[in-house]
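Numbering of ligands and ligand atoms starts at 1, following listing order.
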Amino acid sequence: MGKITGFKEFDRKTEAYRSVELRIKDYGEIFTGTHDVAHLQDQGARCMDCGVPFCQSSNGCPVDNLIPEWNDLVYHDKWQEALTRLHKTNNFPEFTGRVCPAPCEGSCVLGLNNPAVTIKNIEQAIVDRGFDENWIQPHKVLYRTGKKVAVVGSGPAGLATAEELNKLGHSVSVFERADRIGGLLMYGIPNMKLGKEVVDRRVNLLKTSGIEFITNVNVGKDISTEQLQKDFDALVFTTGATQARDLPVDNRDADGVHLAMEYLTKNTQSLLNTGHADDSELSAKDKDVIVIGGGDTGTDCIGTAVRQGAKSIVNFELMGKPPEDRAESNPWPLWPLIYRVDYGHAEATEVFGADPRQYHLMTKSFVKDESGKVVGLNTVNVDFKEGQLIEIDGSEKIWNTQLVLLSMGFIAPEHYLSDDANIDLDKRGNYQANYGEYATSQTGIFTAGDCRRGQSLVVWAINEGRGVASKVDEYLA
Ligand SMILES: Cc1cc2nc3c(=O)[nH]c(=O)nc-3n(C[C@H](O)[C@H](O)[C@H](O)COP(=O)(O)OP(=O)(O)OC[C@H]3O[C@@H](n4cnc5c(N)ncnc54)[C@H](O)[C@@H]3O)c2cc1C
Ligand code: SF4
């Protein structure tokens, strides 16, 4: 423990983002790009080095990051040792340090009666320093087993799987149907939350360490599972939960109603390809935008629409506004289900003068004009009584809009690959495989990440990628 009285001396203070005024003018990261070492040492000093560190236990960090150890090392100005400890459990701390919702902080023991340690900030600062100082180098593989593994899907689960198997000496090829590597790290989470140069930097390290990446190949369509089974000793499916939940109400086919992922992907693709010179994005410029559904995806739609110059933005939530503090039914060390203001909410608030979120709203239908363009939508207020959704009489409302973004979560993976590979699905439509085992119903085919567990988090994808790699290694022995 760095400083015995640290948690009494220092208040929690997170690193500030760039000001809203500046950051909404570009797609650069919301982070300032610099870390104040003295500030981070004070924050690291707040860690109590608890006998049972809940932050790194099952309710806390899903990759079991050795949090108290690196907090202490940061306090003692031993950044390179802190980086070594961080990489022991987390392949990609530069991703989680930027985008993780930080369940670790929700279960930090200090959080029982004080604000939690700023774990996520410290994680990001350690790995950013590691890159700045050139401490992070490609892994040198000294021995090859002669075994070949194909990983299908290049999101965080696929990348973690590939890195771990490569370190063990297996030859790994990653197949990706998109034109760029990274899964939702590339096309999903927007640049302002995770710069694409940060993703490419890590992918380049993996390439240099011997992993092969093959883009624009859709497995199950462009190449069959059977062919991959002939060419490789094992397959790992990490294809994500890409089937989005839709809203099948009247006039859903109106022009201007889009799935959030279509909107976010087109914006990032156009930005990366031509800096938006090709005008191929779906633009919110001068439009009244309605985002249906919250979560990270909803926030990212809001942040993107703000940058595109939307005229107004409203975000519908079916549920009520969460409480400011934990409810009794949601005690420490569980993830706190509380009201949060994410970057996109803060930006919309500053630009339009009010938080964009509207609660207890259900969309009944869209309205389109004679040319088929969306011009509005009809809602009703709803409540929940004994688990039942009740529509409130007389609360119907018509909203003007020219762009609607559907951000209501993801159901399961698409099923053409599972059909092609003839693997079983679970009740929710995910690829069937037990957590910790990762074996599908077909020998030699494994699966991990969102396509197995359902829509989740980057840190869980890394956890599963590490886990499946160890099971594949056992299988290949
Ligand atoms: C908009 C958005 C914002 C998010 N923000 C956050 C956040 O802030 N923090 C957080 O922790 N999580 C966030 N998430 C969730 C997180 O991104 C996912 O949980 C995580 O990326 C899942 O990783 P994965 O590797 O399992 O799948 P994915 O990242 O979905 O990657 C799957 C890859 O497989 C490819 N693929 C699919 N089928 C095939 C095939 N047949 N052949 C070849 N390739 C194929 C896909 O093209 C894709 O690239 C967000 C999700 C979205 C949609
Ligand atoms: S990966 Fe997420 S949960 Fe784990 S230490 Fe980092 S911010 Fe916390």
Checklist outcome for this item: Ignoring waters, protein N/O/S atoms under 2.8 Å from atom 6 (Fe) of ligand 2 are Glu123 OE1

Checklist entry - When you measure from the centre of the six-membered ring of Trp70, is the NZ or CZ of Arg129 under 6.0 Å away and within 45° of the axis? => result no

Next on the checklist: Here's one to test your reading of the geometry: is the NZ or CZ of Arg245 within 45 degrees of the ring axis of Phe410 and under 6.0 Å from its centre?
Outcome noted: no

Output yes when [X] and [Y] qualify as a salt bridge under the 4.0 Å nitrogen-oxygen rule, no when they do not.
{"X": "Glu464", "Y": "Lys471", "result": "no"}
{"X": "Arg466", "Y": "Glu164", "result": "yes"}
{"X": "Arg85", "Y": "Glu69", "result": "yes"}

Checklist entry - Got a donor-acceptor contact below 3.5 angstrom from the Asp420 side chain to the Ser224 backbone? => result no

Next on the checklist: If we check salt bridge (charged side-chain N to carboxylate O under 4.0 Å, His left out) with Arg98, which of these qualifies: Glu29, Glu15, Glu123?
Outcome noted: Glu29

Side-chain donor/acceptor pairs under 3.5 Å, residues 299-309, sequence neighbours excluded:
residue, atom, partner, partner atom, Å
Thr299, OG1, Gly295, O, 2.8
Asp300, OD1, Lys193, NZ, 3.2
Asp300, OD1, Tyr343, OH, 2.7
Asp300, OD2, Lys193, NZ, 3.3
Thr304, OG1, Asp300, O, 2.7
Arg307, NE, Asp26, O, 3.0
Arg307, NH1, Gly303, O, 2.9
Arg307, NH1, Glu347, OE1, 2.7
Arg307, NH2, Glu347, OE2, 2.9
Gln308, OE1, Tyr263, OH, 2.7
Gln308, OE1, Ala284, N, 2.8
Gln308, NE2, Asn267, OD1, 3.0
Gln308, NE2, Leu282, O, 3.3

Item to check | Residues in side chain to side chain donor-acceptor pair (under 3.5 Å) contact with Thr268, at least two apart in sequence or another chain | outcome: none

Checklist entry - Measuring from each atom of ligand 1, which residues have a heavy atom under 4.0 Å away? => result Val99, Pro101, Val152, Gly153, Ser154, Gly155, Pro156, Ala157, Phe175, Glu176, Arg177, Gly183, Leu184, Gly188, Ile189, Lys193, Val217, Asn218, Val219, Thr238, Thr239, Gly240, Met261, Leu264, Asp296, Thr297, Asp300, Phe410, Tyr416, Gly449, Asp450, Ser456, Leu457, Val458, Ala461

